[in-house]
Amino acid sequence: MLTANDLLLGDAVWLAPDGSWTRQMSDALLIEDPGSADLHLLDAEARGHEVVGPYLADAHPGAQGPEPSHFREAFRGRGPSNRPHGKQEIA
Amino acid sequence: MYRYSQFDRAFVRSRAAQFRAQVARRLDGSLTEDEFKPLRLMNGLYLQLHAYMLRVAIPYGTLSADQMRQLAMIAERWDKGYGHFTTRQNIQFNWPKLADVPDILDALADVEMHAIQTSGNTIRNVTADPFAGAAADEVADPRPVAELIRQWSTDHPEFQFLPRKFKLAVTGSPEDRAVTAAHDIGLRLVQQGGDLGARVLVGGGLGRTPMIGKVLRDFVPLADLLPYLEAIVAIYNLLGRRDNKYKARIKITVHEHGLEEIRDLVEAEFPARKALFNGIDQQMLAAITAQFAPPAFDPEAEGNFRAWYHADPAFRAFVDTNTAPHRAPGYTILTVSLKAPGETPGDATADQMRVLADLAERYGHGELRISHEQNVILPHVPRRHLRAIHAALSDAGLASANVGLVSDIIACPGMDYCSLATARSIPVAQQIATRFEELKLEHDIGPLKIKISGCINACGHHHVGHIGILGLDRAGVENYQITLGGDGGPDAVIGERAGPGFAYDEIVDAVERLVHAYLAHRDGPSEAFLDTYRRLGAAPFKAALHPEDKGRANAA
Ligand code: HEM
Ligand code: SF4
């Protein structure tokens, strides 16, 4: 997956299949081959008026859409564990 | 309390206005993130996991009631209704929107506050003993010195691009409630032959290479202090390594060059610096000191306190754990715990901030302090008001009688907020506090400092916790390493690692086993955890942490 933070809110976002940024990880594009991952990253870096700090995060297919391999990304997709804020607020 | 001069006011306003223009240029695309990032960091604006974070300085931990109310207003209007007080006497807002930050900086400027130099390779917010100007054991109020340093260091042209961040702390008491030995420069005010001066420690710091500060000079008279500090920072600015971020702090410079060489270089640099100051700093210090004059203490402060104290056990427990001796008769220093078991250490809601502001105004000469232990202090409380204060705090969920006890845990934001984190720290703190609350052992256990960091940067001071907990990422799962025997007091000690770490769902049990081992081995209730550890060493504690090791040894 390609992920970043939204410029205005700082909220975590993911690159969606249609090239837009989605706030839900389950709607993210699961990028399968390393070559296109690098191209997506270059493209995202050029979209600095939309997002900050894009990077590639490991993921695998899941029942609802892509699932992160690392717990840090899972937390980014949910929000803090001590308060019901972040994405879990809207969910 | 210190009031801004016309110069301070104009400076802070102009910085806020500059930042407003910078944000506008970032939003209209004229600035890239690479160009903007250093500008936002200069104004305390970070990007974390879920949002931006604004770090606001609370110089030497001192706040007026009006300033606290303004923080509450900011939390409510532009954030999610709370703020997080940190170990460096800052407050962090976790959810500001980029476009709102200029308004927040203006609102801060309205009450003489700012976020300048709360980030970047500059001299950061100067911290001090939160009991300053109140403690019975104080040699002198450290805040005038801290304010002088703040004025000298803010926008100091020579020191805007140091090799790395630079942190100073000042204490005026031999008790050192400011962890001065864990700072790049720690100052301890002392008297020598009737003169006031500072013992200067250098090269302390936690993080990946923890070190205790070393005494560079035993006594620097106040008249020489700024030029002496300037000489130290100038030497560091030249010698400090810029090739490797992890070796850039002054603790490494001191380690690599040796204390003697640094001392000689500083002494050689000092005379030229001293000549430049011309005594102007002493005029400023005198003017600042006058502003920190103590309030007019109430001669009838004691009132009916004793009778209430004997009559009400809950009130007595609160007074026994949360107050400290004040220099004025009938007065006390009250620490309000932000560590109600199950809550996030250091968090205060806007309502709680307002309650604290009102209490300070009504009963405490309008002053508040933030401690590095993430609690709020009412420094000047006439004892006759303690009962009313206790009642009001109870209504606001702020009357936990746990200061210095096992649930008074320091925890950094960890992976719930911080983008550098390798594991969570807040939920670990919440669960440990809740566990000991259920066990009803807290008061029996007595003084015990648990400190938790969510990564090697050690913002939660775990190295100087009696029990330190460091959250790591071990092959993609959270793992918690325990250190034992750390101490952040006057004779600071870095804790020692106690064997392999624990998984997220094992760490609370592990801490409970440690505490039971202490209770089993202590030499009576008056021997605190740290003393038992020092008497017996790590062995019985390691055995309690890793009981399976014995079994494994037998099986082998
Ligand atoms: C979430 C944003 C934060 C970031 C990005 C951050 C970053 C860092 C880094 C990189 C270090 C290591 C510096 C070094 O060794 O060179 C550090 C140290 C430290 N930070 Fe933070 N920190 C954050 C939050 C906090 C908070 C919330 C506190 C207070 C609870 C804090 C207080 C400290 C302290 C006391 C140290 C160790 C003392 C030292 O500088 O050696 N920081 N921080
Ligand atoms: S110790 Fe690590 S996780 Fe905790 S606040 Fe500091 S940088 Fe973040």
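Below, read A as the first sequence line, B as the second, and so on, with proteins coming before strands; counting in each chain starts at 1. Because the structure is predicted, anything quoted here is derived from the model rather than measured.
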What residues form a side chain to side chain donor-acceptor pair (under 3.5 Å) with S337(B), not counting sequence neighbours? N402(B)
Heavy-atom pair count under 4.5 Å with chain A, highest-scoring of L31(B), L47(B), I426(B): L47(B)
What part of V477(B) gets within 4.5 angstrom of chain A, counting heavy atoms only: side chain, backbone, both, or neither? backbone
Would you please test L7(A) and L98(B) for side-chain contact (heavy atoms from CB on, under 4.5 Å) and show each step? CA-CA 8 Å; L7(A) 172 64; L98(B) 179 56; 3.9 Å; yes
Contact class of L49(B) relative to chain A, heavy atoms under 4.5 angstrom: both
Residue set satisfying side chain to side chain donor-acceptor pair (under 3.5 Å) with N90(B), at least two apart, ordered chain then number -> N125(B)
Going by the rule side chain to side chain contact (heavy atoms under 4.5 Å, CB included), which residues pair with A396(B) if we only count those two or more places apart in sequence or in a different chain? V355(B), L398(B)
Using heavy-atom distances under 4.5 Å, tell me whether V13(A) contacts chain B through its side chain, its backbone, both, or neither. neither
Which donor-acceptor pairs lie under 3.5 Å between chain B and chain A?
unit_1, atom_1, unit_2, atom_2, d
R26(B), NH1, G48(A), O, 3.0
R26(B), NH2, G48(A), O, 2.7
L49(B), O, N5(A), ND2, 3.3
A51(B), N, G10(A), O, 3.4
Y52(B), OH, L7(A), O, 2.6
K80(B), NZ, E89(A), OE1, 3.2
L98(B), N, L8(A), O, 3.0
T344(B), OG1, N82(A), ND2, 2.8
D347(B), OD2, R83(A), NE, 3.1
D347(B), OD2, R83(A), NH2, 2.9
D416(B), OD1, S81(A), N, 2.8
D416(B), OD1, S81(A), OG, 2.5
D416(B), OD2, S81(A), OG, 3.1
Y417(B), OH, N82(A), OD1, 2.9
S419(B), O, R72(A), NH2, 2.8
D473(B), OD2, H70(A), NE2, 2.6

